[in-house]
Structures are given as structure tokens and as C-alpha cells.
Amino acid sequence: MPVKRVAHETRRSLPSGWNVARRAQPDMILPLSVGLVQSNLENLEAYLLDVAHPESPNYSKHWTPAKVANAFRPSAESVATVREWLIEDGSIDASRIVLSKSGSWITANVTVSEAERLLGTEYFVYEHSEDGGEHVACHGAYHLPETVSKHVDLITPTLHFDAKVRRHGSTDKRSAPKTGLGFSSATTPKIGGVIEDIFTDLAHCDETITLACLRALYDFVYDPVAADKNSIGVVEYTPQTHNPSDFDVFFGNYSKAQVGERPTLVSIDGGFLDPEGDPGESSLDLQYVLGLVGSKQDVLLYQTGDDVESGSFNNFLDGIDGSYCTFEGGDDPSQDSVYPDTQPGGYDGPEDCGNKPTAYVISTSYSYQEADLTTAYMQRQCAEYGKLSLTGITFVYSSGDSGVAGFDGSCLTEDGQQEQGASRFNPTFPGGCPYVTSVGATQVVPGHSVEEPESAVFQRFPSGGGFSNVFPRPSYQKAAVGGYLKTYPPPYAAGVFNTTGRAYPDVAANGLNYSVVLDGEFRLVSGTSASAPTFASILSAINDARLAVGKKPVGWVNPALYSPLISLAFNDITNGSNPGCGTNGFAARPGWDPVSGLGTPNFLKLLPQFLLLP
Ligand SMILES: *[C@@H]1O[C@H](CO)[C@@H](O)[C@H](O)[C@H]1NC(C)=O
Ligand SMILES: *[C@@H]1O[C@H](CO)[C@@H](O)[C@H](O)[C@H]1NC(C)=O
Ligand SMILES: *[C@@H]1O[C@H](CO)[C@@H](O)[C@H](O)[C@H]1NC(C)=O
Ligand SMILES: *[C@@H]1O[C@H](CO)[C@@H](O)[C@H](O)[C@H]1NC(C)=O
Ligand SMILES: *[C@@H]1O[C@H](CO)[C@@H](O)[C@H](O)[C@H]1NC(C)=O
Ligand SMILES: *[C@@H]1O[C@H](CO)[C@@H](O)[C@H](O)[C@H]1NC(C)=O
């Protein structure tokens, strides 16, 4: 009987740099992994709103990790359907089929010809034009019987390619960063020269941002009282690391009492402080988070990946989330580093899997373009941010430093390819995931004081912002975003940006000319890379105050941020825009906008609002 097949995933274009080299050998072995659809995923947003909507009676009644794992475990029907398909359509002997412990993945080693028959596709070997690296993937699309398709999230290896996590902001220190899985070799340097005069007053915040400037801009004065209960973490991907002695030069000038302080290293998949690494991102993030949360609060540094393969967001998630790691979760060996890494100098220990501590606020200043990844991959990872948020974690991400364009200025063609000179806006990931809090960048206007309103950043880089092509607009932002589009309709033809998509950023914070010590010298470092850790530090203080009075941390904070009382506690940013793709991008306007989100935080106004919540 002929089976009706449907295209399960499609890829319209190859990622840049990859070209077809040849057909894959028919007898080559592929470790085929079928990621099963999780149960209840359609209820994820409702579960989250129940614990995160400020008007819910269950606000902050977070779930245990076990409850989360149980709620989303794939159904027995999904497992049975996929097994039967492999056995009957693929003639794969049951003894070759392995089900992961959690029941989320079904794997089997199959030959290329078996995979081609099962998936109605053709496998090729692709070669990268820069480094000659090879990658096996199928072409265009793969197909599943309709009855199987609805039980499957994604299958690997299929259409997914190595994608690089891009760092936002900073660094020109070492001009040729190592090419690891996680790193782009083409990041725009956003480091100014060496700073000659170290100011500690507030008179120069329009030239150089310091801890004191940020405290003044955001009314952020707070001494932790529940530091032992609270936690905050910063994620870095090797070879982005820091030189520990730089902290002492930084604190020696800006926060004497903190000289000698260091973050607590949490090594994931062999992550270490690589003395040969690039110090821009990590020094920026950690000098400011440590400085802003103060001496009493320990700060976790999730250093992810060795310096051969580095790591991806999934490698980090695996480390803190046992229900997501290789056996059970969303990894794709073509996009996520595989550990043990047997290459010379690689980390050959076991892959970290749920054995690392979580933190209530986790700040990350790296990102992809949505167009770099497949939809299923993004949806699966985004759902995991949501599931982890159910347990009380807040994920804070930088929104990108290229306005409405991609990192290298590329934009999207009508059929979704990234090209220079194309006209459609090119959104970042995971900025468009509704379960992360996306932070854009502002700046002090030259000649203005910290008392005057900031502008959307316009010197050095434009703040990332826009509308996801993958994730629909979540309920919490419908009024804010709908209001913007109606009151200030952007002057763009249909298709330039996705009017129904999840809009980002959610909030903003200063991102220009932070004074950071890199290898003993003060330098100006800029990017939404700076904005994310600043916002994360302020959220962490809010968590501290809530924990101190016996309340729970804020967890998935977006519904609360957009609620009427809390959104009014932001400094509205109404000047500037985020150009890209040959346009002015979007304009910052009163209320929420896709440049500065709700605005920059005012801690003294936010704190009482969050303390009023249950
Ligand atoms: C709150 O939690 C209780 C107990 O888990 C549950 O029965 C209820 O449906 C939840 N939601 C609301 C809105 O009360
Ligand atoms: C596939 O083959 C590899 C290498 O021989 C082996 O380590 C792995 O366990 C096999 N997987 C399955 C599902 O049989
Ligand atoms: C940032 O630094 C650059 C280079 O020193 C300078 O031209 C610019 O005016 C500074 N802007 C702000 C707002 O700090
Ligand atoms: C302040 O920074 C300078 C570098 O500009 C450094 O030489 C000096 O040691 C620092 N001060 C302290 C007290 O650490
Ligand atoms: C717009 O976003 C929605 C999700 O909200 C998506 O389904 C749709 O494909 C997107 N349109 C384009 C042209 O990418
Ligand atoms: C507004 O933004 C523009 C750049 O878009 C900048 O030139 C101007 O100085 C800003 N003005 C104020 C008052 O923020």
C-alpha cells in the first residue's frame, strides 16, 4: 500500500560557505536519531503563564525539574509509531533500535542508502570553502509518512549544518580568533583605543561607561541580603575567556572592596580559562556583573566547550539540564559539539549532562541568525528555555548589534536566503524565542548627563531588534507590539518584516563605551553584549530582595515586564532607530518599540512592584 509522505523539514538554501562536493557513499554509516514530539508542548505557554503572569494566583509557584520532565515526556504512541516505521518501512532489525532513557530519542545506526529510502532524500558530502571541512547532510528536504511526521520533531543527521554562535560586541585584541564550532571569525571589532583617563565621577558618562554611571542611570543601589539563597550565572564559549588579574585592575579603580574577587568557574564540556583565548566578551560580562551585584553575591561562570570544538547553546543546556542532554534532548551532532572530543588537545571526558548547577538568572551575550538554523532545531531549543523557566530560571540574551540586519550586514531574500543587499530584515535567535528576555542597547547622548534620557544606541552599532519569522507573537506582548504597529506604522512593504512574529527586544540597557580591562589595559567595549549582563544584574538584585522576604525568584519575567504597573517602571526610550538592510530600521517611540523594548530599567521603581507580587 503506498504511504502518503510529507516533507518534514526543508532547507531552502545552503548556509554560506558550504558547497556540494559529492554524493555520500551508499554504505557509509549514519547515526540516525529521531527526536520525538514531546507531550503537552502545546500547553507550555499556559503552564508558564500560570506561574509567571503577575495576575495568576499561582505566580512564582515554580515546578520541580521532575515535574517538568514528566509533563513533557513523549507518549508511548509516539515511541511505538516511530519504531514500527523503522522496522517496517526501513527493514531495520528491532535489535538495532535504541530508545533513550527518557524516551525522547530513538536512534539506530543506518547506512546512507537505508536513510535515503526511509527519508525520501539524497545525502551529499559538503565542503566548506574556507577550511575545507566536510559535512554530510541531505539535500533540500526529507520526507516522512504523514502518520509518522506528527510524532517527530526532527531527525539528525539531515538538513542541519554547523552554525556558529556569534558574540555580540567587543574585541579586537587578538585579531584572528580560533575557529571553533561556536565562533565566527568575522566579528566586527567594537573596541576603542586604550582609555587614558580613568574617571570615577558622573561627569564623563557620555564618554565612558563605568559601574558608577550604570548605577546612576538606572537608580541601581542595592546591597544583597539573601546572597546565599540567590544565584546568577554568565555563559561564555571557549575560546572567549578572561585574564583573572584584569579583575583586580578593574576593581582597583572602580570598586576597591572587590579586589581579589573572581567568578566561580563551572566548566562545561572541558571549558577552561584559556590563556590564549580572546578576553573581550568574557571580561566585559564578568567585570560588570561582579561589579554590579557586589561582593556578597557569588557569580557563576559557565565556561562552555574546549578550545578545539567550543560549544553551542545546546551544549550549555545539556550541562545544566539532564532532560535535554544527548541521550534525552535536543542535540544535533552537526550543530552541537560532540564530547568526548578525541581531537588533539580536545576535552576527552564525558559530555556534561545535567550535572552542573543552575542559576536563577542566566545571561548570554551570543546569538545566531534565525536563518542559520532550521525551524525544528530552534523550536526545540526555545521550548527548553520555556521548560527550564517553569522551574524559576530567567534567560537573558543580547538582541544583536546589527540593527534589523544580520551580523555581516546580510538580509533575507524573498525565499529566505541571507544575502548582502537583500531587503528583508534578518532576525536573531534566540531573541525571537518568547521564553528568553531579549536586551537591546541604549547610549548616553554626547554632551548629556546621566539625568537626561538615553537614546537608542547610534554610535558604533545599531541595536538588534525586530520580528521573528519563526515564533508567533506571544500573548504577553500583543498589546504593546500591536499598539506600536498601529500608532507608528513602519513604512515598509509587506514581507520586509513579519508583522505577526514575536517582537524583540523586550528591554534595553546602555551598551556603548564600557570601560573594561583587557590584558591590563582599560578599553572601550560596546555592544548589546554589555546591555544583557547589566540588565541581568538588576534582575538578580530583584530576586535577592524577593528571596529575602521568603518569596521565589521572578523566573520567566516577560509577562510581568509587560504588565501595566511594571512596564511603567522603565525609562521610556523615544529617540533613535536601528538601521539595516538599506533602511532606517524601526524607530524608538513612546512605549514599547522594536529598538529599545519597554526601555531601560529603573531599579528603585521596579523593586517595589516585584515585591508586591506573590
Ligand atoms: C494553580 O495551581 C493549582 C494547583 O496546582 C491548579 O489546580 C490551578 O489550576 C492553577 N491555576 C489557577 C489559575 O488557579
Ligand atoms: C552506533 O555505532 C557507534 C559506533 O560503533 C556506537 O558507539 C553506538 O552505540 C551505535 N548506536 C546504536 C544506536 O546502535
Ligand atoms: C564613545 O567612544 C567614542 C570613541 O572614543 C567617542 O567618539 C564617542 O563619542 C563615545 N560616545 C559615548 C556616548 O560615550
Ligand atoms: C588602575 O588602573 C591602572 C591602569 O590604567 C593600573 O595601573 C592601576 O594599578 C589601577 N589601580 C589600582 C588601584 O589597581
Ligand atoms: C511569519 O511568522 C510566522 C510565525 O509567527 C511564520 O509562521 C511565518 O512563516 C512567517 N513568515 C515568513 C515570511 O517568514
Ligand atoms: C537622537 O538620535 C539621533 C540618532 O538617531 C542622534 O543624532 C541625536 O543626538 C539623538 N538625540 C537625542 C536628544 O537623544
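We count ligands from 1, going down the list as the structure has it; atoms in each ligand are counted the same way.
Salt-bridge annotation for Asp415 and Arg424: absent, with no side-chain N of the basic residue lying under 4.0 Å from a carboxylate O of the acidic one. Classification of Glu384 and Lys387 as a salt-bridged pair holds, one side-chain N sitting under 4.0 Å from a carboxylate O. Ion pairing between Lys150 and Glu77 fails under the 4.0 Å rule for side-chain N and carboxylate O.
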Please tabulate, line by line, the atom pairs linking an N/O of ligand 2 to a protein N/O at a distance below 3.5 Å, with the distance in Å to 0.1, or answer 'none'.
{"from": "ligand 2", "atom 1": "2 (O)", "to": "Asn109", "atom 2": "ND2", "distance (Å)": "2.3"}
{"from": "ligand 2", "atom 1": "11 (N)", "to": "Asn109", "atom 2": "ND2", "distance (Å)": "3.1"}

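With hydrogens and angles left out, the side-chain atoms of Asp27 and Thr111 include no donor and acceptor closer than 3.5 Å.
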Checklist entry - Which is it for Gln418 and Gln369 under the side-chain contact (heavy atoms from CB on, under 4.5 Å) test, yes or no, and what are the steps along the way? => result CA-CA 9 Å; Gln418 301 190 75; Gln369 299 299 143; 3.6 Å; yes
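Here the side chain of Arg502 pairs no donor or acceptor atom with the backbone of Val470 at under 3.5 angstrom.
Heavy-atom contacts of Asn253 reach the following atoms of ligand 4: 1 (C), 2 (O), 3 (C), 8 (C), 10 (C), 11 (N), 12 (C) (cutoff under 4.0 Å). Using a 4.0 Å cut-off to heavy atoms of Gly252, the atoms of ligand 4 that qualify are 12 (C), 13 (C), 14 (O). Near Phe471, the atoms of ligand 5 lying under 4.0 angstrom from a non-hydrogen atom of the residue are 5 (O).
Remark: aromatic rings of Phe429 and Tyr377 are distant, center separation not under 6.0 Å.
The closest approach between a heavy atom of Phe467 and any atom of ligand 5 is not below 4.0 Å.
For ligand 4, the polar-atom distance check finds no N/O of Lys256 at less than 3.5 Å from any of the ligand's N/O atoms. The distance criterion of under 3.5 Å between nitrogen or oxygen atoms is not met by Arg473 with respect to ligand 5.
Of the listed residues (Trp556, Phe471, Phe395), just one forms a ring pair (Phe, Tyr, Trp, His ring centres under 6.0 Å) with Tyr435, and that residue is Trp556. When Thr158, Leu159, Thr375 are each tested for a side-chain contact (heavy atoms from CB on, under 4.5 Å) with Arg11, only one passes: Leu159.
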Can you give the donor-acceptor pairs under 3.5 Å from side chains of residues 481-497 to other protein atoms, not counting sequence neighbours?
{"from": "Tyr484", "atom 1": "OH", "to": "Ala587", "atom 2": "N", "distance (Å)": "3.2"}
{"from": "Tyr484", "atom 1": "OH", "to": "Ala587", "atom 2": "O", "distance (Å)": "2.7"}
{"from": "Thr487", "atom 1": "OG1", "to": "Gly483", "atom 2": "O", "distance (Å)": "2.7"}
{"from": "Tyr492", "atom 1": "OH", "to": "Gly585", "atom 2": "N", "distance (Å)": "3.2"}
{"from": "Tyr492", "atom 1": "OH", "to": "Gly585", "atom 2": "O", "distance (Å)": "2.5"}

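Contact annotation for Phe522 and ligand 4: only side-chain heavy atoms (C-beta onward) come within less than 4.0 Å of the ligand. Only the side chain of Asn498 comes within 4.0 Å of ligand 5, counting heavy atoms alone; its backbone N, CA, C and O stay farther away.
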